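Reviewing the structure listed below.
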Amino acid sequence: MKKILNSPETYVDEMLEGLCAAHPQYYQQPESRVIVRTGGTPAGQVGIVTGGGSGHLPVFTGYVGPGLLSAAAIGNVFASPSAEKMASAIRHAHGGAGVLLLYGNYGGDVMNFDMAAEMVGLEDDIATTTVLLADDVCSAPPEQAAKRRGVAGMVYAFKIAGARAAQGGDLAAVTRAARKAADACRSIGMALTPCTVPQAGKPTFVIGEDEMEMGMGIHGEPGIWRGPLKAADAIADEMVDRLLADLPLGKGDRISLLVNSLGATPPEELYILYRRARARFADQGVKIVQPLVGRYATSMEMAGASITLCRLDEELEGLLKAPAECAFWRV
Amino acid sequence: MKKILNSPETYVDEMLEGLCAAHPQYYQQPESRVIVRTGGTPAGQVGIVTGGGSGHLPVFTGYVGPGLLSAAAIGNVFASPSAEKMASAIRHAHGGAGVLLLYGNYGGDVMNFDMAAEMVGLEDDIATTTVLLADDVCSAPPEQAAKRRGVAGMVYAFKIAGARAAQGGDLAAVTRAARKAADACRSIGMALTPCTVPQAGKPTFVIGEDEMEMGMGIHGEPGIWRGPLKAADAIADEMVDRLLADLPLGKGDRISLLVNSLGATPPEELYILYRRARARFADQGVKIVQPLVGRYATSMEMAGASITLCRLDEELEGLLKAPAECAFWRV
Amino acid sequence: MSAVLTTASLRSAVALLVTAAEAKAPILNAADGKLGDGDLGITVSEGWREASHRDLPPDVGMAFLALAKAFQAASPSSFGTLMATALMSAAGVCKGRTEVPWSETSALLGKARDAMMARGKGELGQKSVLDMVDALSTATAGLTEPKALADAALAAAARTLGLFRDRPNGLGRARMFAEKSIGLDDPGMLAAKVMIEALAA
Amino acid sequence: MSAVLTTASLRSAVALLVTAAEAKAPILNAADGKLGDGDLGITVSEGWREASHRDLPPDVGMAFLALAKAFQAASPSSFGTLMATALMSAAGVCKGRTEVPWSETSALLGKARDAMMARGKGELGQKSVLDMVDALSTATAGLTEPKALADAALAAAARTLGLFRDRPNGLGRARMFAEKSIGLDDPGMLAAKVMIEALAA
Ligand SMILES: Nc1ncnc2c1ncn2[C@@H]1O[C@H](COP(=O)(O)OP(=O)(O)O)[C@@H](O)[C@H]1O
Ligand SMILES: Nc1ncnc2c1ncn2[C@@H]1O[C@H](COP(=O)(O)OP(=O)(O)O)[C@@H](O)[C@H]1O
Ligand SMILES: [Mg+2]
Ligand SMILES: [Mg+2]
Ligand SMILES: [Mg+2]
Ligand SMILES: [Mg+2]
């Protein structure tokens with residue numbers, strides 16, 4: 001395992017300590033594994049809490065900040081945080097107007113967040129709503145879209161819900177915006193190499209030196225095919241085709257596009273993918289607004305990329321463009 | 001070679017095309033391999049031109065933008081651009097007040113920039129000055145500091161010179177600020193894995209599964225020792241010790257600190273390094289201002305990290321905090 | 001084995017579970033590695049280890065609650081949370097009592113199954129730990145003696161694994177490997193079997 | 001070989017250099033790979049390939065200039081830029097002439113050496129292509145016939161490589177491998193030898 005760390009056991013806590021030390025203007029850690037926005041949720045504003053396993057920076061913790069999230073509960077690498085930590089994050093995020101729970105559709109996370117919501121509902125009388133992100137088109141067919149896992153599309157939902165909360169929307173309004181963003185996003189990923197979970201000490205999967213896997217998830221969940229590494233344009237074409245098959249778009253449609261590295265894949269390669277994806281959407285008459293190219297939702301040192309589209313209407317576009325900032329992104 | 005690309009021959013040009021397409025508000029490519037700031041250098045403002053090989057994003061092209069650089073000439077991966085491209089970048093960057101050439105101390109780049117400066121001096125009557133970045137403490141002993149290569153410290157020089165130019169400083173003033181920033185920076189890198197230059201098709205060097213190399217440069221230039229991978233804190237300690245040996249600091253000193261990934265190393269690991277480095281500087285009574293943790297100067301998919309310190313006085317701190325923006329960084 | 005379930009029985013059960021879970025962790029990790037993220041052995045062994053560090057009050061319900069909380073804090077992955085949910089449901093049933101007759105075992109298991117189904121939004125027949133708990137509840141119905149309970153549970157566990165082995169998984173991460181999962185035991189069911197074997201020993 | 005240096009001589013020289021550089025590119029890449037970034041074979045072969053695509057005017061000076069520009073555009077790495085610098089200095093000397101006597105060879109090489117030293121801020125004795133050009137200038141002094149020039153150049157190239165082999169590199173990237181470079185030929189010197197062999201063949 002070639003990683004810069006002190007021990008697998010201290011990996012997450014030392015990471016969070018460094019994160020908060022480097023960016024105290026954004027992140028505070030009032031108790032272990034709970035990161036809250038510095039200064040807290042402004043009074044009367046809806047709080048937004050996310051959470052999930054470590055190893056995906058900037059997801060989840062990184063998106064805490066003004067115009068984005070209020071708090072995050074952090075688990076071990078690729079593992080759910082406990083319901084207790086989530087409940088604590090919810091309490092910290094509560095500014096008196098309730099809290100939206102906005103996170104990826106993974107079994108463990110869902111059970112724990114549900115439990116946490118019950119806990120704060122009973123013990124603290126905090127109203128919560130839940131919106132699950134399930135944007136990965138390769139993880140279930142359209143008829144079972146609710147079973148899909150959440151990947152890089154989370155970033156759009158965080159941004160859009162965060163903007164609606166900053167505007168002063170009530171819990172129902174913020175929840176509606178988050179739901180709309182979640183419904184508007186579709187993602188697909190492809191991987192070239194695995195990554196290593198520190199506590200496991202060995203790669204999450206094995207793949208040939210000249211192979212890629214299309215449709216793979218951010219923890220190495222299996223995709224739809226594995227085969228010889230294709231040329232960048234062919235990869236982009238297939239990804240765009242599969243996204244469009246799931247969410248047909250045409251002339252006059254406006255989307256934002258996120259070309260995301262899973263970690264090791266450098267921006268140079270992302271721009272080569274973006275170049276082609278953009279041309280493909282232009283061919284369809286689809287306009288790309290405020291594209292994102294970079295590392296937004298990762299799997300540590302996994303090599304690969306994902307493409308996410310977020311279909312915009314006037315409301316979503318306005319929310320996407322509203323000011324927001326965290327250590328990893330600024331609008 | 002596991003990379004997302006169409007062909008080694010088109011790698012750089014497709015990358016630049018994608019970059020400009022994704023961020024037209026920052027980057028324009030008036031001719032191939034020359035990237036200029038959208039809108040150009042404001043009239044009467046000193047231009048700042050950099051250049052060098054591809055494969056280091058955000059370095060070099062990425063730092064073109066308001067409060068940063070005016071233009072960049074881009075070569076093949078890890079190869080100098082031609083003097084002609086540099087001359088063209090200088091012409092585009094010239095806003096009537098002369099142009100500072102600010103780049104890393106690599107033989108080929110220096111020869112070509114010198115030639116370019118002669119060309120624009122003769123043909124276009126553009127005044128130029130040159131400041132070389134030579135911040136890598138491992139590439140030559142202190143007595144031969146001028147022979148050192150330029151690494152992540154470039155980022156501070158770009159920022160500080162760019163801020164001085166935006167303030168309206170004349171060529172001498174901008175050059176002085178750049179020189180001061182260059183003199184204030186010290187860097188050290190360590191690598192865990194090589195990267196692959198697309199046209200070469202094989203890794204830049206070979207290193208054992210449990211080995212690291214301390215002091216390695218951003219093209220895989222040899223470092224000062226190679227040995228078993230150490231714990232993160234031991235790595236940070238050695239890096240900080242070597243930086244402090246080169247530039248002793250003490251109580252009351254203020255620095256900015258950049259903990260930089262060479263590419264594949266994820267931010268999680270950078271924060272673990274930052275946590276320790278920060279503690280070490282705090283022990284010395286040194287205050288860290290506006291730290292940077294992320295991917296600022298890379299070698300494609302190389303795994304490893306570098307630490308750069310920039311010693312600040314009031315002037316440098318003010319310039320570092322002045323507004324600036326590009327697709328990869330915003331202050 | 002005492003004549004009734006007390007906090008002392010829970011303490012010795014936990015001790016047996018810690019040892020067994022630690023010994024079988026690699027097997028459970030490997031089974032989960034084939035169909036999920038490979039952490040189930042850690043989940044189970046760290047959950048019971050943490051449980052073994054907690055003080056258990058004489059009130060059997062409160063003792064179950066302490067175990068539930070320990071499991072949740074140490075092992076918040078799916079199986080850990082479901083275990084915590086099951087323990088929590090037992091806490092509700094046993095609250096206020098220092099002795100619980102063994103004859104309630106089947107009912108406790110039935111309650112646990114229902115709570116786990118609600119928590120994980122799972123159904124029976126999807127080849128998960130739910131099917132195992134359901135089978136155990138059925139097999140232990142009407143039994144009142146520890147030895148009989150143990151024998152019935154062991155037999156049910158083996159039978160249920162066999163029954164589901166050649167079906168596809170329909171819940172949790174393993175759902176994504178539905179095809180591949182045919183012929184493989186569900187890791188959560190295996191974990192339940194490991195625990196039953198430890199308690200029946 | 002014609003009695004004087006003309007643009008036609010340059011054209012046939014370029015043809016020979018294209019072939020030789022392409023054939024020897026792997027060797028030069030490997031030599032540069034040991035002490036630098038491994039691109040020297042590409043630098044030299046792409047430089048001459050691009051040069052072979054350019055129209056060369058009868059004015060020998062202008063023809064040299066066209067070669068210099070081709071080299072710069074195709075191969076802007078250190079060696080390419082130094083080659084362009086050398087060709088540019090020859091352009092200055094030969095400008096306005098369609099015939100240049102072979103007897104000027106030594107002087108042309110001397111001028112090239114000086115221009116390269118100014119461009120690369122290098123000195124003699126640092127085990128670089130500079131030492132090779134210097135040795136060639138010295139060895140060809142007073143010679144007026146192509147055959148004699150070729151023989152002298154070949155001998156000087158071999159001798160100079162031998163002379164420097166066991167010294168450390170002091171210029172360019174190889175400087176960083178000073179220790180390691182002892183016993184290895186400087187890649188730039190090797191490239192010069194490859195070119196001389198092509199021309200002398
Ligand atoms: N929603 C669910 N309902 C019931 N059982 C489940 C559910 N999800 C997972 N399981 C059970 O848990 C086991 C996996 O546990 P675990 O490894 O902790 O999951 P993960 O690591 O994916 O969170 C499965 O084999 C299955 O028996
Ligand atoms: N400053 C210099 N002065 C003279 N010769 C140099 C200089 N730098 C490099 N060289 C020569 O160029 C050769 C390397 O060329 P090249 O591979 O193009 O360099 P790089 O790839 O590092 O730019 C060296 O072997 C040396 O002979
Ligand atoms: Mg698991
Ligand atoms: Mg898990
Ligand atoms: Mg070279
Ligand atoms: Mg080179």
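We name chains A, B, ... by the order of the sequence lines, and we start the count at 1 in each one. Remember, predicted model here, so these are calculated numbers, not experimental data.
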*Could you tell me whether the side chain of A/Tyr271 reaches within less than 4.5 Å of the side chain of B/His23, counting heavy atoms only?*
yes

*asked:* At a 4.5 Å cut-off on heavy atoms, which part of A/Ala21 comes close to chain B: side chain, backbone, both, or neither?
replied: both

_Only pairs of heavy atoms separated by less than 4.5 Å count here; which of B/Ala231, B/Ala234, B/Gly294 has the most with chain A?_
B/Ala231

_How long is the straight-line distance from CD of A/Glu325 back to CZ of B/Arg330, given to the nearest 0.5 Å?_
8.5 Å

*Which atoms of A/Tyr11 come close to chain B, meaning under 4.5 Å heavy atom to heavy atom: side chain ones, backbone ones, both, or neither?*
both

*Name the member of A/Met300, A/Met190, A/Gln25, A/Lys230 that forms the most heavy-atom pairs with chain B at distances under 4.5 Å.*
A/Met300

_As an exercise: rank B/Arg275, B/Gln290, B/Glu17 by heavy-atom pairs under 4.5 Å with chain A and give me the winner._
B/Arg275

*Inter-residue atom distance A/Thr193.OG1 - B/Glu301.CD, 0.5 Å rounding*: 10.0 Å

*Name the region of A/Arg278, side chain, backbone, both or neither, that has any atom closer than 4.5 Å to a heavy atom of chain B.*
side chain

_Within-4.5 Å side-chain heavy-atom neighbours: B/Lys2 and A/Ile207_ = yes

_Quick check on A/Met302 against chain B: is it the side chain, the backbone, both or neither that has a heavy atom closer than 4.5 Å?_
neither

_Choice from B/Ala264, B/Ala303, B/Cys195, B/Ser7 maximising heavy atom contacts with chain A below 4.5 Å_ = B/Ala264

*asked:* Within the structure provided, determine whether B/Ile4 and A/Ile272 are in side-chain contact (heavy-atom separation under 4.5 Å).
replied: no

*Measuring from A/Leu270:CG to B/Leu19:CG, what's the distance to the nearest 0.5 Å?*
11.0 Å

*Looking only at non-hydrogen atoms, find the nearest pair between B/Pro267 and A/Phe328 and report the distance.*
CB-CE2, 4.4 Å

_Interchain contact, A/Glu209 with chain B, by part (heavy-atom threshold 4.5 Å)_ = both

_A/Leu229, part contacting chain B, at a heavy-atom distance under 4.5 Å_ = side chain

*Highest number of heavy-atom pairs under 4.5 Å with chain B: which of A/Asp233, A/Leu257, A/Val293?*
A/Asp233

*Do the side chain of A/Glu268 and the main chain of B/Leu57 share a donor and acceptor less than 3.5 angstrom apart?*
yes

*asked:* Is the shortest side-chain heavy-atom distance between A/Arg276 and B/Asn6 below 4.5 Å?
replied: no

*Side chain, backbone, both or neither of B/Ile235 within contact of chain A (heavy atoms, under 4.5 Å)*: side chain

